[in-house]
J.: 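Before we start, here is the structure in question, set down as structure tokens.
Whatever order the structure lists them in is the order used to number ligands and atoms, beginning at 1. Nothing fancy with the numbering, it's 1 onward along the sequence. We use all heavy atoms of the structure for the numbers below, so side chains are in, but hydrogens, waters and symmetry mates are not.
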Amino acid sequence: MKFNLNKTFKVLNKKEGLKGAIKDLFSNDYKYVKAVDGISMNIGVGEIVGYIGPNGAGKSTTIKMMTGVLEPTSGKILINGNIPFKKRIINTQNIGVVFGQRTQLWWALPLIESFKMLKSIYKIDDDTYNNNLKLFNELVDISSLYLKPIRQMSLGQRTLCDILAAFLHDPKVIFLDEPTIGLDVSIKSKIMTLIKELSKRRKLL
Ligand SMILES: Nc1ncnc2c1ncn2[C@@H]1O[C@H](COP(=O)(O)OP(=O)(O)OP(=O)(O)O)[C@@H](O)[C@H]1O
Ligand SMILES: [Mg+2]
């Protein structure tokens, strides 16, 4: 199917200095940045798809539209049958997201408390929650990190936890935007294996 997805940002041409900043408040001097230009793709159940392109190509912008954070300028997106920015709450239950550049876990909270918060936010029932923690522990030893606050974790540990957190509510689709950014080769491959294994066990993505 042709979805022809586009996103153009309207950005102010900023002027220099304090005077410029004040002038900017009343300025109509805009430029348009085409971030996503006519993308169409179909992804089926069980597929793992990599979305590659140079810096600034529009990958993150596409993911933000697919997760409902941004509204497309034109074109259409259906995620599990829903238009993400119109059905944000339903879409959120259906998806899991990791933006490698920042964590979605609570900085000061121990990992297990973050998991409990997610359990309550996504209304995850006890069985699903316990089964998922069991599965996570079969794949990686995270119980040793349960009591560690996120801010005390290494980048690799935090990323592992972020990925597991994205799978906790049994979402149908997972979006990962540069989940292995800044990580060394061994943990990169560990994370790739973990993602493949989670998707296989849960028959999703
Ligand atoms: N909120 C915004 N306002 C204005 N322009 C934006 C905004 N977000 C992204 N852009 C521009 O849109 C283009 C695509 O950015 P995007 O972040 O989607 O690229 P990317 O493919 O994820 O790049 P990278 O590999 O560096 O993460 C860039 O030119 C960027 O400057
Ligand atoms: Mg990006």
J.: Closest by any non-hydrogen atom to atom 16 (P) of ligand 1: pick that one out of Asp177, Thr61, Asn55.
T.: Thr61
J.: Near Lys15 NZ, under 6.0 Å, is it more than 12 heavy atoms from other residues, nucleotides or ligands?
T.: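 Yes, enclosed.
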J.: Identify, for atom 30 (C) of ligand 1, the protein heavy atom at the shortest distance, and state residue, atom and that distance.
T.: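 Answer, as residue, atom name and distance: Val33 CG1, 5.0 Å.
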J.: In chain order, what residues pass the side chain to side chain contact (heavy atoms under 4.5 Å, CB included) check against Thr8, with sequence neighbours excluded?
T.: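 Thr8 satisfies side chain to side chain contact (heavy atoms under 4.5 Å, CB included) with Tyr32, Lys34, Thr73 once adjacent residues are dropped.
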J.: Any pair with a residue in residues 184-197 that passes salt bridge (charged side-chain N to carboxylate O under 4.0 Å, His left out), sequence neighbours left out, goes on the list, sorted by first then second residue, please.
T.: Glu197-Lys200, Glu197-Arg201
J.: If you take all heavy atoms of Gly182 and Leu155, which pair is closest and at what distance?
T.: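 Heavy-atom minimum between the residues: O-CD2, 3.8 Å.
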J.: Would you say atom 4 (C) of ligand 1 makes contact with the protein, given that contact here means a non-hydrogen protein atom less than 4.0 Å away?
T.: yes
J.: Under 2.8 Å from the Mg ion (ligand 2), which protein N, O or S atoms are there? Could you list them by chain and number?
T.: Ser60 OG
J.: Check Val11 against ligand 1 and report side chain, backbone, both or neither, counting heavy atoms closer than 4.0 Å.
T.: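 Side chain only.
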J.: Within the protein, is there a heavy atom lying under 4.0 Å from atom 24 (P) of ligand 1?
T.: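 Yes; the ligand atom in question has protein heavy-atom contact below 4.0 Å.
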J.: State which residues pass side chain to side chain contact (heavy atoms under 4.5 Å, CB included) with Phe85; sequence neighbours excluded, sorted by chain then number.
T.: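 Phe85 satisfies side chain to side chain contact (heavy atoms under 4.5 Å, CB included) with Glu71, Pro72, Ile83 only.
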J.: Can Asp126 and Lys119 be counted as an ion pair, charged N to O under 4.0 angstrom?
T.: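 Lys119 and Asp126: salt-bridged.
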J.: Contact between Asn82 and Asn94 at the side-chain level, heavy atoms closer than 4.5 Å - yes or no?
T.: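 Heavy-atom side-chain distance check passes, below 4.5 Å.
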J.: Check the surroundings of atom CD in Glu138: do more than 12 heavy atoms from other residues, nucleotides or ligands lie under 6.0 Å from it?
T.: yes
J.: Judging by distance only, is a nitrogen or oxygen of Phe9 under 3.5 angstrom from one on ligand 1?
T.: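 There is no such contact.
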J.: Can you sort out which atoms of ligand 1 are near Ala57, meaning under 4.0 Å from one of its heavy atoms?
T.: 19 (O), 20 (P), 21 (O)
J.: Check ligand 1 against Glu178 and write out every atom of the ligand that is under 4.0 Å from a heavy-atom position of the residue.
T.: 25 (O), 27 (O)
J.: Pairs of nitrogen or oxygen atoms closer than 3.5 Å, one from Gln101 and one from ligand 1: do any exist?
T.: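 No; the residue has no nitrogen or oxygen that sits under 3.5 Å from a nitrogen or oxygen of the ligand.
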J.: Could you tell me the separation between the CZ atom of Phe99 and the CD atom of Glu178, rounded to the nearest 0.5 Å?
T.: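 Reported value, rounded in 0.5 Å steps: 10.5 Å.
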J.: Taking 4.0 angstrom as the limit, do Asp24 and Lys14 come out as a salt bridge?
T.: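 Between Lys14 and Asp24 there is no salt bridge, as every charged N stays at least 4.0 Å from the carboxylate O atoms.
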J.: How long is the straight-line distance from CZ of Phe167 back to CG of Leu139, given to the nearest 0.5 Å?
T.: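 The distance works out to 10.0 Å.
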J.: At what distance is the nearest protein heavy atom to atom 12 (O) of ligand 1, and which residue and atom is it?
T.: Ala35 CB, 3.2 Å
J.: Ser60 heavy atoms, cut-off 4.0 Å: which ligand 1 atoms fall inside?
T.: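 Listed by number with element, the hits are 17 (O), 18 (O), 20 (P), 22 (O), 27 (O).
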J.: Is the terminal nitrogen or CZ of Lys76 (NZ for Lys, CZ for Arg) located under 6.0 angstrom from the six-membered ring centre of Phe3 and within 45° of that ring's axis?
T.: no
J.: So for ligand 1, is Gly56 a polar contact partner (N or O within less than 3.5 Å, distance only)?
T.: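 Min N/O separation from ligand 1 is below 3.5 Å for Gly56.
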